[in-house]
Amino acid sequence: MSTKLVQKLDRVVIRFAGDSGDGMQLTGDRFTSQTALLGNDLSTLPNFPAEIRAPQGTLPGVSSFQLHFADHNVLTPGDRPDVLVAMNPAALKANLGDLPRGATIIVNTDEFTKRNLSKVGYVASPLDDGSLESYHVHPVALTSIAVEALASFTDLTRKEKERAKNMFALGLLSWLYTRPMDGTESFLKAKFSDKPEILEANLAALRAGFHYGETTEDFAVSYEVAPARMDAGTYRNVTGNVALSLGLVAAAHRAHLPLFLGSYPITPASDILHTLAGLKRYGVATMQAEDEIAGVGAALGASFGGALGVTTTSGPGLALKAETIGLAVSLELPLIVCDIQRGGPSTGLPTKTEQADLLQALFGRNGESPVAVIAPSTPADCFDIAVEAVRIATTYRTPVIVLSDGYLANGSEPWRLPRTAELPDITVEFATEPNAVDGSGAPVFHPYLRDPETLARPWAIPGTPGLEHRVGGIEKADITGNISYDPDNHDHMTRLRQAKIDGIADTIDPLGVDDPTGDADVLVLGWGSTYGPIAAAVRLARATGARVAQAHLRHLNPFPANTGDVLRSYQRVIVPEMNLGQLAMLLRAKYLVDIESHTSVRGLPFQAGELADVIAAAVASVSNAPLEEAAK
């Protein structure tokens, strides 16, 4: 039994970094699962190269996984890691600038060869030249110790044994932060059930890392982080893409509709296709289409046939889907389009995050082509936003674009599984019989005879007797659905389609404002994945005594009905965005309010400290304004 000291911490930020072939994503994912089992709140930030296999040991090939876990509510993956596990010189060099003074660095010394050092521009080893004196450095021969621990596995090559170094590192960190390894052992047993020797080697490396921490003199202290207080319920760790997938399935069941996904693989949306493809037993059908246009076409066809049609993509694919989304607007059929945003333009930064597709989602089609646009705020919120998307699409017979992004898609957090009774009933009523009579009194079906409350047209499944009607992209006459080139009818139909989208605001919650003191002069307004960094920054600002309010938009078209009133209630409104100010521009134009934009397009989420400085400056300027005016 270990007699080493155990120190209690309230929070830790760890970053695993190495070559893209070193298994850093798997290591981080398993450490995250272990942490979730302990009941800590957490947030993660996987960060990996776009290249399938970048040159080994180079800066472009560095892959990292950051995890922030705590005994309290966690809002972001953390600004700066407390601990860096660097598997090679490239990982050290790529991440060293993010570390605060005094951070802990665990280095795999086996990889600090002259050749590997030269690949990243090191003339001398940073382990020897004194450049790391500001940090607590633990040099560990991770590779060779792992190989030695597997000496009895004579059927494995040295290269196969070396691959287990990530499991050794995971075992070491599991000891260091008192993480249980049962879940990882079960995972390995399932993953390598048909490869018993590989399984036993990975288990041996994992346990060797744990025992190394117990016995080595290099680590004198281990750490504990107590569970966080959470609402009662059953929790699981979930990424945004998985939560979005599960939300779509749950919503389809609540709507009593089969779910059809037509999709073309594209980073970072592909995991939704992968997840839904494994859920066939829940009434889900998936099709990997030959291209983006075929994917959305199949999804719209499924909606026409009475299913819930869904398509998934990222920014480049959304552009290709634009014409078919416009067709869905004209047909007035439900369609869910999940845009998992990434850095652009064009191919851009496939594995990095950005939220620059807002204007494309709103206006990226020909003609007046309004659709509903909504955005999740956290990985777990992706479930709720999927349910909301289905509610809007089926109630109003409209396409709905969900704007998630790479940060939410790949990041994870604990998610409380909802009970079925907590989900809204969004049962769909199809048209089953004629809804009008002709001049002779005979029953007829008018496909554009609208519900007076929602302005939605009837949804008639093809083949229903007596409900034959035209479909297509050419303008239809109001009520009858006949092809029409009449100018007044086109103007009327255009305004009806816009009014239908505007009417969605009647069934969404007002924009809520977090303003504890009720007298803040500064409001920080966000949308999408900026929620966590903004909330963390507001928390930091309030800790210094600053009076600042926070609000977050989930519905971007239409905006909540009270949005204008909220914006006009504050002297300064700051809108942080991972673009060049798209929401800020929309708010200025619609509400004539002086919105202040704070932007970043670095492929990374905002840091809470950065936004806290922006908030502090804004609060100070408002506080000093009366003094400056008096001085004049």
Flag the pair Lys500 and Glu332 as a salt bridge only when some basic side-chain nitrogen lies within less than 4.0 angstrom of an acidic carboxylate oxygen.
yes
Side chain to side chain donor-acceptor pair (under 3.5 Å) with Gln25: of Ser63, Ser20, Ser64, only one passes, and it is Ser63
Only one of Asn557, Ile401, Leu556 passes side-chain contact (heavy atoms from CB on, under 4.5 Å) with Leu358, and that residue is Leu556
Check your understanding: So do the side chains of Ser314 and Thr267 get within less than 4.5 Å of each other, counting heavy atoms only?
Key -> no
Validation row: Thr76, Gln607 side chains within 4.5 angstrom (heavy atoms): no
*Carefully, step by step, assess Arg554 and Asp381 under the rule salt bridge (charged side-chain N to carboxylate O under 4.0 Å, His left out).*
CA-CA 10 Å; Arg554 298 177 80 237; Asp381 186 44; 2.9 Å; yes
Between Thr351 (side chain) and Phe48 (backbone), is there a donor-acceptor pair under 3.5 Å?
yes
**Evaluation steps, side chain to side chain contact (heavy atoms under 4.5 Å, CB included), between Lys352 and Asn47** = CA-CA 7 Å; Lys352 310 303 179 185; Asn47 193 353; 2.4 Å; yes
Here the gap from Arg497 atom CZ to Leu455 atom CG, rounded to the nearest 0.5 Å, amounts to 12.5 Å
Closest non-hydrogen atoms of Arg391 and Ile508, given as atom of the first, atom of the second and distance, are NH2-CG2, 3.9 Å
Walk me through whether Arg450 and Tyr448 qualify under side chain to side chain contact (heavy atoms under 4.5 Å, CB included). CA-CA 6 Å; Arg450 301 175 184 277; Tyr448 285 89; 3.8 Å; yes
Measure from the side-chain N and O atoms of Arg254 to the backbone N and O of Pro424, and report whether any donor-acceptor pair falls under 3.5 Å.
yes
Value for CD (Glu413) from CG (Leu75), rounded to nearest 0.5 Å, stands at 9.5 Å
Side-chain touch Phe31/Thr27, heavy atoms, less than 4.5 angstrom: no
query = Taking C-beta and beyond as the side chain, do Asp405 and Leu408 meet within less than 4.5 Å on heavy atoms?
reply = yes
query = Taking it one step at a time, do Val387 and Asp384 satisfy side chain to side chain contact (heavy atoms under 4.5 Å, CB included)?
reply = CA-CA 5 Å; Val387 175; Asp384 295 324; 5.5 Å; no
The single option from Thr239, Asp29, Asn241, Thr44 that satisfies side chain to side chain donor-acceptor pair (under 3.5 Å) with Ser412 is Thr44
query: Will you find, in the side chains of Thr313 and Lys321, an N or O donor that is under 3.5 Å from an N or O acceptor?
result: no
Could you walk me through whether Ser529 and Gln355 pass the side-chain hydrogen bond (donor to acceptor under 3.5 Å, both in side chains) test, one step at a time? CA-CA 8 Å; Ser529 66; Gln355 51 176 185; 4.5 Å; no
- Message: When you measure from the side chain of Gln66 to the backbone of Pro77, do you find a donor-acceptor pair of N or O atoms at a distance under 3.5 Å?
- Response: yes
Requested in this report: Give the C-alpha distance, both sets of side-chain angles, the deciding distance and a yes or no for side chain to side chain contact (heavy atoms under 4.5 Å, CB included) between Lys476 and His469.
Outcome: CA-CA 11 Å; Lys476 306 298 187 297; His469 60 283; over 6 Å; no
**Asked** Below 4.5 Å, heavy atoms only, C-beta onward: do Leu246 and Trp415 meet side chain to side chain?
**Response** yes
dist Leu188:CG -> Met167:CE (nearest 0.5 Å) comes out at 5.5 Å
With Ser404 as partner, the option from Ile272, Asp339, Thr312, Ile340 fulfilling side-chain contact (heavy atoms from CB on, under 4.5 Å) is Ile340
Taking the side chain from Glu577 and the backbone from Ala584, do they hold a donor-acceptor pair closer than 3.5 Å? yes
